[in-house]
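Worksheet: the structure to be examined is printed underneath.
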Amino acid sequence: MIRINDQITIEDWELTEHFTRASGPGGQNVNKVSTAVELRFEAERSPNLPPFAKARLKRIAGRKWTNEGALVIQVQDTRSQARNRELAETRLRDMILAALAKPKRRIATRPTLGSKKRRIAAKKQRGEVKNLRGKVNYDE
């Protein structure tokens, strides 16, 4: 069971762990011990997550979200299986907390007078450069 905050806890039946051999450094140990962890959280079926959090979590997860509505987190950062397991749970907790946080509503602002003047000056300068590229008239 993973405790997210005071109201939300993730039950054991919602999580599945699968251990595989990690790539990278580790010497001979890397060929013998399954230290990499793949944590699968059945987010779509979770009764503990509110619907708005599921929608935000899907957007935050990106490619980690499967077609079945599960969130898959793979960790192979350390040589220790226990530490990789902790890292996976921490990453899951952080993603869920980010999904629970209500995003700030953007307030549209108008451009300042100075920025308008700078934009017009830059356009005039660019137009002048392009105007000078024309054919040269030697008669004048």
Side-chain angles (χ1 to χ4, degrees):
M1 184 170 74
I2 300 175
R3 183 174 219 71
I4 304 299
N5 60 20
D6 294 336
Q7 293 86 20
I8 298 175
T9 56
I10 296 173
E11 302 299 328
D12 291 333
W13 66 267
E14 300 175 76
L15 298 171
T16 53
E17 291 176 330
H18 181 69
F19 298 100
T20 57
R21 291 189 193 132
S23 62
Q28 295 174 349
N29 202 44
V30 81
N31 298 325
K32 296 187 290 186
V33 182
S34 298
T35 56
V37 65
E38 182 181 276
L39 182 67
R40 184 180 177 94
F41 170 52
E42 300 295 334
E44 199 67 50
R45 297 189 310 154
S46 176
N48 300 323
L49 280 182
F52 69 88
K54 289 178 187 178
R56 284 189 203 135
L57 185 61
K58 184 176 183 178
R59 192 173 63 243
I60 290 169
R63 292 177 58 195
K64 295 177 184 134
W65 191 271
T66 65
N67 291 334
E68 296 86 39
L71 176 63
V72 179
I73 298 174
Q74 294 176 330
V75 180
Q76 58 179 3
D77 295 355
T78 66
R79 294 182 188 182
S80 166
Q81 188 184 77
R83 182 71 184 121
N84 283 338
R85 192 182 215 172
E86 289 173 17
L87 286 171
E89 288 179 2
T90 303
R91 289 180 190 174
L92 175 64
R93 186 178 299 114
D94 292 344
M95 287 178 83
I96 293 173
L97 285 173
L100 289 171
K102 188 176 180 182
K104 283 186 176 178
R105 198 168 148 261
R106 185 186 177 281
I107 299 170
T109 59
R110 292 173 57 196
T112 61
L113 183 62
S115 68
K116 285 181 184 176
K117 286 182 179 179
R118 285 190 297 274
R119 184 179 68 87
I120 298 298
K123 285 172 73 75
K124 283 184 179 176
Q125 174 69 31
R126 189 75 186 138
E128 195 66 34
V129 167
K130 288 186 175 189
N131 218 9
L132 291 172
R133 287 185 189 155
K135 285 190 176 182
V136 178
N137 191 355
Y138 294 110
D139 294 337
E140 292 177 1

Whether Asn84 side chain and Thr35 backbone form a donor-acceptor pair below 3.5 Å: yes

Straight-line distance of Arg85 CZ to Thr78 OG1, nearest 0.5 Å: 12.5 Å

Exceeds 12 heavy-atom contacts within 6.0 angstrom, atom NZ of Lys58: no

Short side-chain to backbone donor-acceptor contact, Gln81 and Ser34, under 3.5 Å: yes

Counterpart residues, salt bridge (Lys or Arg N to Asp or Glu O under 4.0 Å), relative to Arg91 (two or more places apart): Asp77

Whether Lys54 side chain and Glu44 backbone form a donor-acceptor pair below 3.5 Å: yes

Taking every non-hydrogen atom, the tightest pair across Ala22 and Gln76: CA-OE1, 3.4 Å

Separation between CD1 of Ile10 and CZ of Arg3, rounded to the nearest 0.5 Å: 11.5 Å

Co-membership, hydrophobic cluster, residues Phe19 and Leu15, 4.5 Å side-chain: yes

Inter-residue atom distance Lys64.NZ - Gln74.CD, 0.5 Å rounding: 9.5 Å

Heavy-atom closest pair, residues Val37 and Ala88: CG1-CB, 4.0 Å

Pair Val75-Leu39, side-chain contact (heavy atoms from CB on, under 4.5 Å): steps then yes or no: CA-CA 8 Å; Val75 180; Leu39 182 67; over 6 Å; no

Closest non-hydrogen atom pair, Leu49 against Ala53: CD2-CB, 4.4 Å

Atom pair CZ (Phe41) and CG (Leu57), whose distance is rounded to the nearest 0.5 Å: 7.0 Å

Ile8 backbone acceptor or donor facing Asn48 side chain under 3.5 Å: no

Pro103 side chain reached by Arg56 side chain, heavy atoms, under 4.5 Å: yes

Closest contact, heavy atoms only, Ala61 versus Leu71: CB-CD1, 3.3 Å

Interatomic spacing from CD in Glu86 to CZ in Arg93 - rounded to 0.5 Å: 10.0 Å

Short side-chain to backbone donor-acceptor contact, Arg21 and Lys32, under 3.5 Å: no

Nearest-0.5 Å distance that lies between atom CG in Leu87 and atom CG in Leu92: 12.5 Å

Single-linkage hydrophobic cluster, 4.5 Å side-chain cutoff, Trp65 and Met95 together: yes

Contact check, side chains of Pro47 and Glu14, non-hydrogen atoms, under 4.5 Å: yes

Under-4.0 Å salt bridge between Glu38 and Arg40: no

